[in-house]
Amino acid sequence: MRAVIAITFALGVLAPALAAAQVSGEAVYRQRCAVCHDSGNPRVPSRDEVKKLSVTRILRTLDFGEMQNVASKLRQDEREAVASYLGASGGSGEVPAKAYCVDRTVTLTGHSKSAWNGWSPALTNTRYQPGDAAGLTLSQIPRLKLKWAYGFDGDIIAFAQPTVLNGHLFVGSASGLVQALNADSGCVQWIFQANGPVRSAILAVPLGDKHAILFGDTIGWFYSVEAETGHLLWKKRPEPHEATRLTGAALAYQDTVFVPVASWEEARTTNPEYPCCTFRGSVVALRIKDGSEVWKTYMIAQKAKQTGEHEWGPSGAAVWATPTLDTRRGLLYVTTGDNYSALATPLSDAVLALELATGKIVWSKQTTPGDVWNTLCSTKGDCPGPDYDYGSSAILEKLDDGRDVLLAGQKSGIVYALDPDRKGAILWQTRVGQGGTLGGVEWGMASDGRQVYAATSDLVRNQSPSADPLNLNPQIVDPKIGGGLTALRIATGEKAWFAPPIACGPAAKPGCSPAQPAAVTAIPGVVFSGSIDGHLRAYSAEGGKVLWDFDTVRDYQTINGVRASGGSLNGPGAVVVGGMLFVNSGYARQGTIPGNALLVFSVDGK
Ligand code: HEC
């Protein structure tokens, strides 16, 4: 064993020394990275955005992260050269000693009522926090002030929703560092390094006399980590496909955890030689105690076959969002994305009911048939699909007459109410946006039992007028189009009110847009919605009036001493627990405003 380590080490030292003189980071970039990172494609961070990352961070992305597959063709010296060519110095992601709490004990027993655990406080995915747990009332909203800010060192995106329970906060980050913080002060209790970026919200579950936190990363690993200590209990890849990414938070019921499985294979098609595509979305049920598989259900029945020189199919139907629990019927509701390649299949862009115990598909309702789309389409423009994925979870609600209803918001801009007792038959449908690749309902609605609140993205990107010779296909975010928040009556689908989007001001940063793709959160009387313009706004649930508006795009003095700034709000939504409001700010994708801050608000900042 020792000899093996010694040899590897010697090679590691020798290789760069031999080749250092020849390798140009710029050349590696042009040959291996520019095709995507200079493409102007909304799914790929631009060269300027990547340049804000540290050298260490870029290397980690190449070695273990999202660029692992691209980098597998590169020698170590080429990786180092391209990382130093692109990267900024500093920002190693390590937590400075003074950021740790004096008392690092994490205790989760005797769960207090004040918790937001996983994607939604209710397993029906309402994203509604009742008054006693929220600890925040309508009249207190205007007095919300920043309490503390935490910086994710060296990151340009803060896209993980925090989980808060028993005064502890668990949150993932783009560097793959999962941190346990004291929710009141922001000091660090422990950190855990995952293999890839952790975007999914974290789910805490009891395990013997301790607890496990369960989460996935964007390179396909799923983890169980002891909540009290941050020690790894088990990890596995629930799906072997190499483009797998886990974005949706897991859901647990009794001894089983249900993991939604998505991929970024759609974006691999920026390489025209990529054999597109072979990934199939799925939900995987694992035993919490050891990660062993209980069942796995694919959203496409058959495996992909080769259909042309670089063409494979069918593929896609990724599951981006947390499944929804229906204990009464013994079901799990799942929403799916588009197909990446032909042929179109019946379970893409659909809402499905799966048997909790077996994973068997009980019924499905496809709302957009024939949606075949991949990233190449945004440059080539000749694909059948409109790219109308479901990126958000279905919400299970009860009507006044005792009947149940499933609410689903799609990137098409339509919100559906489905009947769970009649195989998902459509009860009503209402349009809340134009829809599109980055349109409609993106990451999640909220419901207070009477109204469902749907924020509209409708992010639009235009050709840039500037003539930057390094940018092959420059596109900029439209500062005027997109956004808006609609309240619909759950019983009928009628619009109760519409709060119009607020256009970006003349002083706004590049990357500003009024689009509201971030998941919505509700507490009694109040609805929270974040925008690409970086503002987090609180709206009155009664008429949609803006009660409070905080522009997160600014620099922060952080509790952990890291330089941090806020940016676009996208992906997860705000979390309200025990009188505190938590939100992550910064989203350097799609040309929107980068940032790396976790922000916490409370009444008068106390
Ligand atoms: C086939 C297209 C493609 C190629 C080639 C490619 N990238 Fe990427 N890269 C992407 C996409 C897509 C993302 C965004 C992934 C995501 O977060 O969804 C990305 C993200 C990144 C990130 C940010 C990851 C993070 O953690 O925020 C870095 C750094 C990066 N790429 C570096 C590189 C380097 C260096 C090269 C060349 C060696 C390269 N990429 C080549 C498509 C590509």
Side-chain angles (χ1 to χ4, degrees), residues 23-88 91 93 152-160 172-177 194-200 217-220 242-247 262-277 310 318 320 374-376 378-379 391 438 472 567 570-571 586-592 594-596:
V23 178
S24 145
E26 194 183 349
V28 176
Y29 181 83
R30 258 189 280 114
Q31 206 189 339
R32 300 288 187 185
C33 321
V35 59
C36 297
H37 287 279
D38 289 353
S39 69
N41 189 294
R43 307 269 160 115
V44 190
S46 72
R47 182 196 305 211
D48 286 344
E49 281 156 11
V50 174
K51 278 190 160 173
K52 291 182 192 135
L53 295 172
S54 73
V55 177
T56 333
R57 190 66 172 61
I58 296 174
L59 263 182
R60 203 188 292 151
T61 305
L62 298 175
D63 289 344
F64 314 108
E66 283 164 308
M67 293 297 106
Q68 212 175 5
N69 179 56
V70 170
S72 61
K73 300 183 199 83
L74 302 184
R75 294 192 313 265
Q76 187 59 29
D77 56 337
E78 291 175 317
R79 294 173 190 220
E80 286 169 11
V82 74
S84 7
Y85 162 67
L86 288 170
F152 299 105
D153 200 12
D155 286 354
I156 53 173
I157 190 163
F159 54 9
S173 66
S175 68
L177 287 179
N195 294 358
V198 177
R199 171 180 189 145
S200 77
D217 73 20
T218 62
I219 61 168
E242 60 79 31
T244 299
R245 77 190 298 168
L246 304 176
T247 53
S263 88
W264 58 294
E265 195 185 28
E266 208 175 37
R268 288 280 161 82
T269 53
T270 34
N271 171 3
E273 272 154 39
Y274 182 82
C276 173
C277 286
H310 302 300
W320 294 98
N374 59 56
T375 309
L376 199 57
S378 46
T379 40
L438 303 169
L472 304 177
N570 196 346
Y587 204 89
R589 297 281 188 277
Q590 304 155 355
T592 56
N596 62 338

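Remember, it's 1-based here, ligands and their atoms both numbered in the order they're listed.
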Asker: Would you mind reporting whether L86 and L53 have side-chain heavy atoms less than 4.5 Å apart?
Answerer: no

Asker: Can you see which heavy atom on S200 is nearest to which on A160, and at what distance?
Answerer: O-CB, 4.5 Å

Asker: What atoms in ligand 1 come closer than 4.0 Å to a heavy atom of V44?
Answerer: 10 (C), 11 (C), 12 (C), 42 (C)

Asker: May I ask you to identify, for L86, whether its side chain, its backbone, both or neither come under 4.0 Å of ligand 1 on a heavy-atom basis?
Answerer: side chain

Asker: Pick, from H37, E273, R47, the option with the minimum heavy-atom distance to atom 40 (N) of ligand 1.
Answerer: H37

Asker: Do P45 and H37 have side chains that get closer than 4.5 Å, going by heavy atoms?
Answerer: yes

Asker: Give the residue, atom name and distance (to 0.1 Å) of the protein heavy atom nearest atom 5 (C) of ligand 1.
Answerer: R32 O, 3.1 Å

Asker: List the closest protein heavy-atom neighbour of atom 43 (C) of ligand 1: residue, atom name, distance to the nearest 0.1 Å.
Answerer: C36 CB, 3.4 Å

Asker: Below 4.0 Å from any atom of ligand 1, is there a heavy atom belonging to E78?
Answerer: no

Asker: Among L59, V55, D77, L62, find the residue that satisfies the side chain to side chain contact (heavy atoms under 4.5 Å, CB included) test when tested with V82.
Answerer: L62

Asker: Flag the pair R57 and D155 as a salt bridge only when some basic side-chain nitrogen lies within less than 4.0 angstrom of an acidic carboxylate oxygen.
Answerer: yes

Asker: Quick one: closest heavy-atom pair of I157 and R589, and the distance?
Answerer: CD1-CG, 3.7 Å

Asker: For atom 36 (C) of ligand 1, what's the nearest protein heavy atom and its distance?
Answerer: C33 SG, 2.7 Å

Asker: Tell me which part of I156 gets within contact of ligand 1: side chain, backbone, both or neither, using heavy atoms under 4.0 Å.
Answerer: neither

Asker: Tell me the contacting part of T218 for ligand 1: side chain, backbone, both, or neither, using a 4.0 Å heavy-atom threshold, strictly below.
Answerer: neither

Asker: I need the minimum non-hydrogen distance between A81 and V23, along with the two atoms involved.
Answerer: CB-CG1, 3.2 Å

Asker: Which protein heavy atom lies closest to atom 23 (C) of ligand 1, and at what distance to 0.1 Å?
Answerer: L53 CD1, 4.1 Å

Asker: What atoms in ligand 1 come closer than 4.0 Å to a heavy atom of V50?
Answerer: 29 (C)

Asker: For ligand 1, indicate whether the residue P45 contacts it via side chain, backbone, both or neither (heavy-atom separation under 4.0 Å).
Answerer: side chain

Asker: With only distance considered, is W264 within less than 3.5 Å of ligand 1 through an N or O on each side?
Answerer: no

Asker: Please report which non-hydrogen protein atom sits nearest to atom 27 (O) of ligand 1, along with the residue it belongs to and the distance in Å to one decimal place.
Answerer: R589 NH2, 3.4 Å

Asker: Given K51, M67, R199, which has its nearest heavy atom closest to atom 19 (C) of ligand 1?
Answerer: M67

Asker: Provide, to 0.1 Å, the distance between atom 15 (C) of ligand 1 and the closest protein heavy atom, together with that atom's residue and name.
Answerer: E66 OE2, 3.7 Å

Asker: Taking all heavy atoms of A588 and all of E49, pick out the closest pair and write down the distance.
Answerer: O-OE1, 3.3 Å

Asker: For P197 and F159, work out which heavy atoms get closest and say how close.
Answerer: CB-CZ, 4.0 Å

Asker: So, for S175 and R60, which heavy atoms are closest and what is the spacing to 0.1 Å?
Answerer: O-NH1, 3.0 Å

Asker: Touching ligand 1 at all, E49? Heavy atoms, strictly under 4.0 Å?
Answerer: no

